[in-house]
Amino acid sequence: MLTISLLRQDAAYVKERLAVRHFAKPEWVDDILALDEKLRKQKLETETMQAEVNSLSKQIGQLMAAGDASGADAKKREVAAIKEALQNGKTSLLELEEAIQQKIMMLPNLPHASVKAGKSADDNEIINTGGVMPELPADAQPHWELIKKYQLIDFETGAKLTGSGFPLYTGQGAKLQRALVSFFLDYNTQAGYREYLPPLMVNDKTAYGTGQLPDKEGQMYFMPEDGLYMIPTAEVPVTNVYSNTIVDADQLPVKMTAYSPCFRREAGSFGSDVRGLNRVHQFDKVEIIQLTVPEKSYDTLEEMVNHVERLLQYLELPYRILRLCGGDMGFTSALTYDFEVYSAAQQKWLEVSSVSNFETFQTNRMKIRYKDEAGKTQLLHSLNGSSLALPRIVAALLENNQRADGIYLPKALHGYFGAPKIG
RNA sequence: GGAGAGGUGCCUGAGUGGCCGAAAGGGCCGGUUUGCUAAACCGUUGUACGGACUUCAAUCUGUACCGAGGGUUCGAAUCCCUCCCUCUCCGCCA
């Protein structure tokens, strides 16, 4: 959520930045400011009345203590005279606060200066590529065939147990998941990230804090009996670890990593884009999260991008890094880099990570703050990225490394997997 | 799930209707003392949102906040209701 003080300070700038996203309702900024104006007036008026009531009440107490009952009664009548106006004032105050909240919540984050307008994924900018494109034999198979061949995942039984998009990993397929998770977590903790294993369901407050609510409500599985949401990413519970706290300066930057299964409803998409592991309802992911002071957050973003890039290099996969354009960025992000790996048999680039700086958009909702050198309480910046999402990594590993006698895994995984190849 | 106890500031903990944003102790920070450290002594110590002043900051001031939300009252940390959480015992259970 944008801060109201930013809108007050520079509405023109806010509108200009929203235009980079093609935000359809720039006039909301003015609506909000008009409401804010009213709110402050109403607040002053109401609080003045309240101050009067408080002072009279104090006097009543003193009069009663002095035994002056009739004096006290006179004051009580004075209070009663103010009471109705005060009640009305409080009510409209709440209404105004509610109205502002409703609207400001619908404003997406402002894109960073480096973000180009752009309309769709086609306008994203490739800023780096790496790795070697594999040369596959003519009879190379897509990963869903390889999965069958080596019995790594049983999609049919997963569908029987739950529904389509819930893979049942089996044998070496299951072991590979475990190997990847361990490798990613070790890699992250060696870089100073503290490991967490979070709850897989969260309440509405938590889902709101990172921006899943109200924007992406339909994407999460919901348990109506208990009012809980299945997490779509570990970002949600882990970032909220620090909600409503003023973080000690000596704890900054906060670096956290977590493995979790991720649950996504992603309704209504069929065809080759969603075959095999390209898109599923439940998948495994390791996430990295940082909370940093505003001055350093873009350095931190670069650091995280480099961190994920090195991980892809360890996996020996061909990759490219994209800077998302305004039209393709998520609601809460100020700047996002996407990582894609090339899945050679499908001949497709698959998104495996998304690293974003949210600036104060999330921390404003969660009230994650620190004290700056001047001792002033300020919002921290939050950042996160996948390191990495497993299914598409697995797809690329299988497709790119297939040979007649098995699938040859990158060296980094040998120890974790307990063997150099599948099959 | 049943029975009971409890949730107060950075921590411990007092406070059953007005003098309570909140005793006391500890911690933290600042100061005095000291060759240095410790001790001792003195002082300071929350957050949010308004307003005044101001370029900003500082300062002053108002309101709210004692788990959350409602209610009673001129007035609530204190009384009532609902919910959440923690602890103890019992039940169930990986």
Side-chain angles (χ1 to χ4, degrees), chain A residues 1-10 32-105 197-209 223-229 237 240-252 254 294 360 362-380:
Chain A
M1 182 165 76
L2 298 177
T3 58
I4 187 77
S5 55
L6 179 63
L7 303 211
R8 280 181 204 149
Q9 256 165 44
D10 201 344
I32 291 165
L33 285 172
L35 287 167
D36 181 56
E37 191 80 14
K38 265 196 206 165
L39 174 81
R40 284 190 285 172
K41 244 178 113 183
Q42 184 63 252
K43 190 159 215 155
L44 184 61
E45 213 174 279
T46 308
E47 288 186 348
T48 307
M49 282 190 275
Q50 183 67 58
E52 181 67 18
V53 168
N54 288 350
S55 138
L56 285 167
S57 293
K58 197 163 257 179
Q59 292 172 38
I60 291 169
Q62 283 159 0
L63 290 170
M64 306 251 297
D68 182 357
S70 69
D73 279 344
K75 296 284 181 195
K76 280 190 197 183
R77 281 192 296 276
E78 273 185 63
V79 172
I82 304 173
K83 256 315 176 50
E84 194 183 330
L86 179 60
Q87 268 317 319
N88 292 339
K90 280 183 182 171
T91 306
S92 58
L93 207 54
L94 282 175
E95 283 166 3
L96 283 167
E97 273 167 1
E98 178 73 6
I100 290 171
Q101 175 74 2
Q102 283 299 324
K103 271 238 158 94
I104 200 168
M105 227 164 55
L197 187 63
L200 304 183
M201 294 188 221
V202 293
N203 57 33
D204 51 359
K205 254 194 160 157
T206 302
Y208 170 79
M223 321 294 252
E225 289 266 277
D226 305 285
L228 299 174
Y229 295 86
N240 274 282
V241 164
Y242 283 90
S243 66
N244 254 311
T245 58
I246 297 175
V247 183
D248 286 341
D250 59 9
Q251 284 188 44
L252 293 171
V254 173
T360 60
Q362 295 184 325
T363 55
N364 185 35
R365 288 191 179 190
M366 287 182 279
K367 301 291 172 237
I368 303 181
R369 293 155 298 169
Y370 76 110
K371 286 198 193 286
D372 65 17
E373 282 98 0
K376 236 188 132 187
T377 308
Q378 306 266 22
L379 293 170
L380 283 164

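Every chain is numbered from 1, with letters handed out A, B, ... down the list of sequences. Quick caveat: nothing in here was measured; it's all calculated off a predicted structure.
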Between [X] and [Y], is there a donor-acceptor pair closer than 3.5 Å when you use the side chain of the first and the backbone of the second?
{"X": "A:R365", "Y": "A:Y208", "answer": "yes"}
{"X": "A:N364", "Y": "A:M1", "answer": "yes"}
{"X": "A:N240", "Y": "A:S243", "answer": "no"}
{"X": "A:T363", "Y": "A:L380", "answer": "yes"}
{"X": "A:D248", "Y": "A:Q251", "answer": "no"}

Report task. Output yes when at least one side-chain N/O atom of A:R40 is less than 4.0 Å from OP1 or OP2 of B:G51, else no. Result ->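 True: A:R40 side-chain N/O within range (under 4.0 Å) of B:G51 OP1/OP2.
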
Query raised in the report: So, is A:K75 close to the B:G18 phosphate, meaning a side-chain N or O under 4.0 Å from OP1 or OP2?
Result: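 Negative; the distance criterion is not met.
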
Starting at atom [atom1] of [X], determine the distance to atom [atom2] of [N], rounded to an integer number of angstrom.
{"X": "A:L86", "N": "B:G75", "atom1": "CG", "atom2": "C1'", "value": "13 Å"}
{"X": "A:R365", "N": "B:A48", "atom1": "CZ", "atom2": "C1'", "value": "19 Å"}
{"X": "A:L56", "N": "B:G18", "atom1": "CG", "atom2": "P", "value": "19 Å"}
{"X": "A:L35", "N": "B:G50", "atom1": "CG", "atom2": "P", "value": "14 Å"}
{"X": "A:Q378", "N": "B:A48", "atom1": "CD", "atom2": "C1'", "value": "14 Å"}
{"X": "A:E78", "N": "B:G75", "atom1": "CD", "atom2": "P", "value": "14 Å"}
{"X": "A:Y370", "N": "B:C10", "atom1": "OH", "atom2": "P", "value": "20 Å"}
{"X": "A:K90", "N": "B:G69", "atom1": "NZ", "atom2": "P", "value": "14 Å"}

Pairwise [atom1] distance for [N] and [M], with rounding to whole Å:
{"N": "B:A77", "M": "B:G67", "atom1": "C1'", "result": "12 Å"}
{"N": "B:G21", "M": "B:A14", "atom1": "C1'", "result": "15 Å"}
{"N": "B:G13", "M": "B:C56", "atom1": "P", "result": "46 Å"}
{"N": "B:C80", "M": "B:C85", "atom1": "P", "result": "22 Å"}
{"N": "B:U78", "M": "B:C19", "atom1": "P", "result": "13 Å"}
{"N": "B:A22", "M": "B:U12", "atom1": "C1'", "result": "16 Å"}
{"N": "B:C65", "M": "B:A76", "atom1": "C1'", "result": "13 Å"}
{"N": "B:C60", "M": "B:U72", "atom1": "C1'", "result": "36 Å"}

Report task. Could you check if a side-chain atom of A:T48 sits within less than 4.5 angstrom of a side-chain atom of A:E45, using non-hydrogen atoms only? Result ->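 The answer is no; the side chains never approach within 4.5 Å.
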
Scan side-chain atoms only and decide if [X] and [Y] contain a donor-acceptor pair under the 3.5 Å cut-off.
{"X": "A:S55", "Y": "A:Q59", "answer": "yes"}
{"X": "A:T206", "Y": "A:N203", "answer": "yes"}
{"X": "A:T46", "Y": "A:K90", "answer": "no"}

Counting the atoms with a prime plus P, OP1 and OP2 as sugar-phosphate, which does [X] contact under 4.0 Å by heavy atoms, base, sugar-phosphate, or nothing?
{"X": "A:K83", "result": "sugar-phosphate"}
{"X": "A:K371", "result": "sugar-phosphate"}
{"X": "A:I60", "result": "base"}
{"X": "A:R369", "result": "sugar-phosphate"}
{"X": "A:I246", "result": "sugar-phosphate"}

Requested in this report: Check every atom of B:U47, B:G51, B:G18 against the side chain of A:T377 and return the nucleotide holding the closest atom.
Outcome: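 The answer is B:U47, which lies nearest to the side chain.
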
Requested in this report: Taking only the side-chain heavy atoms of A:S57 (C-beta and beyond), determine which of B:U47, B:G50, B:G18 contains the nearest atom.
Outcome: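 Closest nucleotide among those given: B:G18.
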
Query raised in the report: Between A:M64 and A:V53, who's closer to the 5' end of RNA chain B by nearest nucleotide?
Result: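 Between the two, 5'-proximity favours A:M64.
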
Requested in this report: Report the residue (A:K58 or A:K76) whose heavy-atom-nearest nucleotide on RNA chain B is the more 5′ of the two.
Outcome: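 Result: A:K58.
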
Query raised in the report: Which dot-bracket string describes RNA chain B (Watson-Crick N1-N3 plus N6-O4 or O6-N4, or G-U N1-O2 and O6-N3, all under 3.5 Å; [ ] crossing; | other strand)?
Result: ((((((((.[[[..)..(.....]]](.((((.......)))).)(((((((......))))))).[[[[[..)....]]]]])))))))....

Query raised in the report: Is any side-chain N of the basic residue among A:D73 and A:R77 closer than 4.0 Å to the acidic one's carboxylate O?
Result: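 A:R77 and A:D73: not salt-bridged.
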
**Report entry** side-chain hydrogen bond (donor to acceptor under 3.5 Å, both in side chains) partner of A:N54, the single match among A:K58, A:E52, A:Q50
**Finding:**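 Testing A:N54 for a side-chain hydrogen bond (donor to acceptor under 3.5 Å, both in side chains) against A:K58, A:E52, A:Q50 leaves exactly one candidate, A:Q50.
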
Polar atoms only, N or O, under 3.5 Å: list the protein pairs with nucleotides 62-64 of chain B and their distances.
unit_1	atom_1	unit_2	atom_2	d
B:G62	N2	A:E47	OE1	3.0
B:U63	OP1	A:N54	ND2	3.2

